[in-house]
A.B. asks: 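Take this structure, written in structure tokens, and hold onto it; I'll ask about it next.
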Amino acid sequence: MPETPSVETGDPVVEQEPPAGEHEDAGVPDEPTPPAACSGPDGTARLAWSYDAAWDQSVDFRGTMDADGRTYWTECDSAYWSDKDPSQLQCHLVSATRDGAIRYRLLLPRNGLTAVHAVDAARLYLTSASTTLSAQALEDGSELWSADLAKLRTEDPQAARSFLIDSVALASPYVLAVVRNTFEDADGKTLLVALRADTGAVAWTALIPAVRTPLVLDAEGNVYGGSFDATAGETTLFSYTLEGQPRWQVRRAGELRPSAVEGGRLVLDRAEVADAATGAPVATLATATVVDGYFSLGQSSSAYGRVAFQAGGSLFLPAPPCTGSGCPTEMHPGRTFLYGLSPEDGSPRWHRAVGAWPMSPLLTRRDSLLLIDRPAAEGCEESNSCVGDDSSSDSFLRELAVDDGRELAACALPGRAPYITPPALHGGRVVLGAWTNWLASNDWTRRMSIRAFDLSVPTEPATTGWVTAGGGNSRSGRATPRP
């Protein structure tokens, strides 16, 4: 890599080798990469800036970016290197400009692990101490309000320690959160809370079926979730209005949790498209017939970034090989493919082999799809290291055409650490978090390096397809940003 602007603190990070997959193409013929596809030399992406925290800090970055390309994350004392109780670890809120200069690094008023979940035009929304939701001013990080949501479920301080905030999403004028009991949910329920985004005042609450995955919201602010009962092998699907009123609830066979919604269509895992107005089945996806085998979506701190969905166009998702017409016929060691599916009938339009840790498809305004891919190292079959903790792989930022999956660019990213966060895109600059020590034999500190790369052709995120106005793919906002 050529010399580039860099903002770094602390000791150098020794990168480790995470699980990986195989990259051989299947279903789409290889095409030569355009000579000017990558902005760096020799087929690499140009590193614009990077940031590494001090050796005793654990970084939590979830691809949070505002409309000006500024990024936000938290740094906490490492639970591994500190003798403190986890609830007493001190944390800082950190923000960087589009060019990587640190804007502020502020000590947060509460101890305990923290995370930046969402951003709007004026505020950041953080969780800390398990059940505290707070809003911080975008410009200087100062706290505007905070609310301890455990108090909505119990007045017992000891019992409150068993609760945590599972999901945070924006639906103007509210910020929504799900409060779950880590041991058990009273009457099989979790608590959905809507707070006024400007004041933090509780607007309404609702007991919903117990959920373990984040909720998704449509452009009108309707909320969708799914509660899977492993004993019965059934999922209770449900939807609430923006004002907390039940819309519908249905019980269906199998595990069918919502993963994306747009244009009146609701995606349920990798199995189905449903009617967002009723929950009724619309189409069975070809990927509902996946063959069992090793499959990983990586260890991202974001629970999103698995699906890119345009109701009027295509559904893009990674999955193991499916069976049936249009499915892969040639396998590869990673046994993972990226599919372009029809949201109308669920049939595959195209597929291509990707590594076993594909992360975060992101739609751009130039009708392309950005994907972080980790193809398996050549010859991994002989060493039995194609997947799993002992595997080794390079990382690539691939740009694909949405209509047929053809490769527009395949830019190599530095190091062998997995790039695990949803891509945050602004003006052709992609910001990613690389987890630099994911081996189980390592310490428990989440050593994350934050790195920004430039695309050869500047572009912005698409305005549809579950991307936020700021350019992140965290899906913590509306599918179609309001003016």
A.B. asks: Kindly compute the distance separating CZ (Arg366) from CG (Leu455), expressed to the nearest 0.5 Å.
C.D. replies: 7.5 Å
A.B. asks: Are Leu138 and Asp66 packed together at the side-chain level, in the sense that at least one heavy-atom pair is separated by less than 4.5 angstrom?
C.D. replies: yes
A.B. asks: Pairs in or reaching into residues 114-125: which pass salt bridge (charged side-chain N to carboxylate O under 4.0 Å, His left out), with residues at least two apart or in two chains?
C.D. replies: Asp120-Arg123
A.B. asks: Side chains of Val119 and Met65, heavy atoms from C-beta outward: is any pair under 4.5 Å?
C.D. replies: no
A.B. asks: Apply the test side chain to side chain contact (heavy atoms under 4.5 Å, CB included) to residues Leu370 and Arg398: give CA-CA distance (whole Å), side-chain angles for both, the deciding distance (0.1 Å), then the verdict.
C.D. replies: CA-CA 6 Å; Leu370 295 181; Arg398 301 193 188 279; over 6 Å; no
A.B. asks: Do Arg447 and Thr436 pair up side chain to side chain, a donor and an acceptor below 3.5 Å, judged on atom types alone?
C.D. replies: no
A.B. asks: Could you label the plane-to-plane angle of the Tyr240 and Phe238 rings as parallel, tilted or perpendicular, counting under 30° as parallel and over 60° as perpendicular?
C.D. replies: perpendicular
A.B. asks: Does any part of the side chain of His351, heavy atoms only, come nearer than 4.5 Å to the side chain of Cys327, both counted from C-beta?
C.D. replies: no
A.B. asks: Roughly how far, to the nearest 0.5 Å, is OG1 of Thr190 from CD1 of Ile165?
C.D. replies: 12.5 Å
A.B. asks: Ignoring hydrogens, what is the shortest heavy-atom contact between Ala283 and Gly346? Give both atom names and the distance.
C.D. replies: CB-N, 4.0 Å
A.B. asks: Looking at every non-hydrogen atom in both residues, tell me the closest pair between Leu266 and Pro258 and how far apart they are.
C.D. replies: CD1-CB, 3.9 Å
A.B. asks: Take the angle between the ring planes of Tyr174 and Trp204 and call it parallel below 30°, perpendicular above 60°, tilted in between.
C.D. replies: perpendicular
A.B. asks: Can you tell whether the side chains of Arg265 and Glu344 come within less than 4.0 Å, N to carboxylate O?
C.D. replies: no
A.B. asks: Give the ring-plane orientation class for Tyr51 versus Trp73, where under 30° counts as parallel, over 60° as perpendicular and anything between as tilted.
C.D. replies: tilted
A.B. asks: Over all heavy atoms of both residues, which pair between Leu133 and Ala177 is shortest? Give the atoms and the distance, please.
C.D. replies: CD2-CB, 4.2 Å
A.B. asks: Does Glu460 pair with Arg365 as a salt bridge, N-O distance under 4.0 Å?
C.D. replies: no
A.B. asks: Within a strict 4.5 Å, meaning less than it, do heavy atoms of the Leu397 and Ile372 side chains meet?
C.D. replies: yes
A.B. asks: What are the two closest non-hydrogen atoms of Lys189 and Pro209, and how far apart are they?
C.D. replies: CD-N, 4.1 Å
A.B. asks: Given Ser259 and Asp269, is the side-chain hydrogen bond (donor to acceptor under 3.5 Å, both in side chains) satisfied, shown in steps?
C.D. replies: CA-CA 6 Å; Ser259 56; Asp269 282 322; 5.6 Å; no
A.B. asks: State whether a side-chain donor-acceptor pair under 3.5 Å links Thr235 with Glu255.
C.D. replies: no
A.B. asks: Quick one: do Arg349 and Asp403 make a salt bridge, cutoff under 4.0 Å?
C.D. replies: no
A.B. asks: I'd like to know whether the aromatic ring centres of Tyr419 and Trp435 sit less than 6.0 Å apart in this structure.
C.D. replies: no
A.B. asks: With a 3.5 Å distance limit and no angle check, can you tell me whether Arg451 reaches the backbone of Val431 through a side-chain donor-acceptor pair?
C.D. replies: no
A.B. asks: Would you check if there is a donor-acceptor pair between the side chains of Arg270 and Thr287 at a distance under 3.5 Å?
C.D. replies: no
A.B. asks: Go through it in stages, so that I can follow the logic: the residues are Glu220 and Thr241, the test is side chain to side chain contact (heavy atoms under 4.5 Å, CB included), and I'd like the CA-CA distance, side-chain angles, deciding distance and then a yes or no.
C.D. replies: CA-CA 8 Å; Glu220 288 71 46; Thr241 69; over 6 Å; no
A.B. asks: Look at the side chain of Ser227 and the backbone N and O of Ala210, then say whether any donor-acceptor pair between them is shorter than 3.5 Å.
C.D. replies: yes
A.B. asks: When you compare the side chain of Tyr339 with that of Leu315, does any pair of heavy atoms fall below 4.5 Å?
C.D. replies: no
A.B. asks: Going by heavy atoms in the side chains, are Leu371 and Glu399 under 4.5 Å from each other?
C.D. replies: no
A.B. asks: Could you give the distance from CG (Leu408) to CG (Asp367), rounded to the nearest 0.5 Å?
C.D. replies: 10.5 Å
A.B. asks: Quick one: pull up CZ in Phe453 and SG in Cys411 and give me the separation to the nearest 0.5 Å.
C.D. replies: 10.0 Å
A.B. asks: Looking at Asp275 and Gly279, would you say the former's side chain and the latter's main chain have a donor-acceptor pair under 3.5 Å?
C.D. replies: no
A.B. asks: If you apply the rule side chain to side chain contact (heavy atoms under 4.5 Å, CB included), what do you find for Phe396 with Glu407, and how did you get there?
C.D. replies: CA-CA 12 Å; Phe396 291 85; Glu407 191 170 273; over 6 Å; no
A.B. asks: Hey, are His117 and Thr64 close enough side-chain-wise for a donor-acceptor pair under 3.5 Å?
C.D. replies: no
A.B. asks: Can you tell me how far CZ of Phe163 sits from CG of Asn181, rounded to the nearest 0.5 angstrom?
C.D. replies: 4.5 Å
A.B. asks: Is it true that Glu234 and Arg252 make a salt bridge, defined as a side-chain N closer than 4.0 Å to a carboxylate O?
C.D. replies: no
A.B. asks: Counting only N and O atoms by type, is there a donor-acceptor contact under 3.5 Å from the side chain of Ser449 to the main-chain atoms of Ala434?
C.D. replies: no
A.B. asks: Do any N or O atoms from the side chain of Asp454 and from the backbone of Arg46 form a donor-acceptor pair under 3.5 angstrom?
C.D. replies: no
A.B. asks: Determine whether Leu338 and Leu369 make a side-chain contact, defined as any pair of heavy atoms from C-beta on separated by less than 4.5 Å.
C.D. replies: yes
A.B. asks: Checking Asp68 side chain against Arg70 main chain: does a donor-acceptor pair fall under 3.5 Å?
C.D. replies: no
A.B. asks: Can a side-chain donor-acceptor contact be found between Tyr224 and Arg257 if the only test is distance below 3.5 angstrom?
C.D. replies: no
A.B. asks: To the closest 0.5 Å, what do you measure between CG (Leu317) and CZ (Phe337)?
C.D. replies: 13.5 Å
A.B. asks: How close do Ala274 and Val282 get, heavy atom to heavy atom, and via which atoms?
C.D. replies: C-CG2, 3.6 Å
A.B. asks: Can you see whether Tyr125 engages Gln136 through a side-chain donor-acceptor pair at a distance of less than 3.5 angstrom?
C.D. replies: no
A.B. asks: Do you know the tightest heavy-atom contact between Ser95 and Tyr72?
C.D. replies: OG-CE2, 3.2 Å
A.B. asks: Ignoring hydrogens and geometry beyond distance, is a side-chain donor-acceptor pair present between Asn222 and Ser239 at under 3.5 Å?
C.D. replies: no
A.B. asks: Side-chain contact, heavy-atom cut-off 4.5 Å: Thr114 with Cys76?
C.D. replies: yes
A.B. asks: Quick one: which of Leu149, Thr205, Leu176 gives a side-chain contact (heavy atoms from CB on, under 4.5 Å) with Leu195?
C.D. replies: Leu149
A.B. asks: Does Val178 form a side chain to side chain contact (heavy atoms under 4.5 Å, CB included) with Leu191? I'd like the steps, not just the answer.
C.D. replies: CA-CA 6 Å; Val178 174; Leu191 187 68; over 6 Å; no
